[in-house]
Amino acid sequence: MWDPSFTVIELATGETHGPFDTEADAIAELAFAGLSFDEVEILNDAPVTARLAGWG
């Protein structure tokens with residue numbers, strides 16, 4: 001099992017920011033880039049089974 005990474009994707013342009021080691025770092029990028037939660041999608045690469053089992 002590895003720690004997930006997080007990527008910020010701008011919905012209007014498709015530009016990606018990251019990967020980031022924590023969700024907090026990804027959210028900090030929103031502030032730095034002047035983006036809101038409505039303008040982006042934050043993805044993580046954790047396995048689906050880890051989310052279902054509550055691991056991580």
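Given the structure is predicted, the values throughout are model-derived calculations rather than measurements.
A distance of 13.5 Å separates CG of N44 from CZ of F20, quoted to the nearest 0.5 Å. Here the CG-OG distance, from L43 to S5, works out to 10.0 Å after rounding to the nearest 0.5 Å.
In D21, the CG atom is not crowded: 12 or fewer heavy atoms of neighbouring residues, nucleotides or ligands sit closer than 6.0 Å.
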Practice task
Verify side-chain contact (heavy atoms from CB on, under 4.5 Å) between V8 and L30, making sure each step is shown before the conclusion.
Solution key: CA-CA 8 Å; V8 175; L30 296 182; 3.8 Å; yes
Practice task
Tell me, with the steps shown, if I42 and I27 meet side-chain contact (heavy atoms from CB on, under 4.5 Å).
Solution key: CA-CA 9 Å; I42 299 176; I27 292 170; 4.2 Å; yes
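Between D3 and T22, every side-chain heavy-atom pair lies at or beyond the 4.5 Å cut-off. Looking at F6 and D45, their side chains never come closer than 4.5 Å, going by heavy atoms from C-beta outward. At a threshold of 4.5 Å between non-hydrogen side-chain atoms, the residues H17 and E10 count as touching.
Linking ILVMFWY side-chain heavy atoms closer than 4.5 Å, directly or via other members, places F32 and I9 in two distinct hydrophobic clusters.
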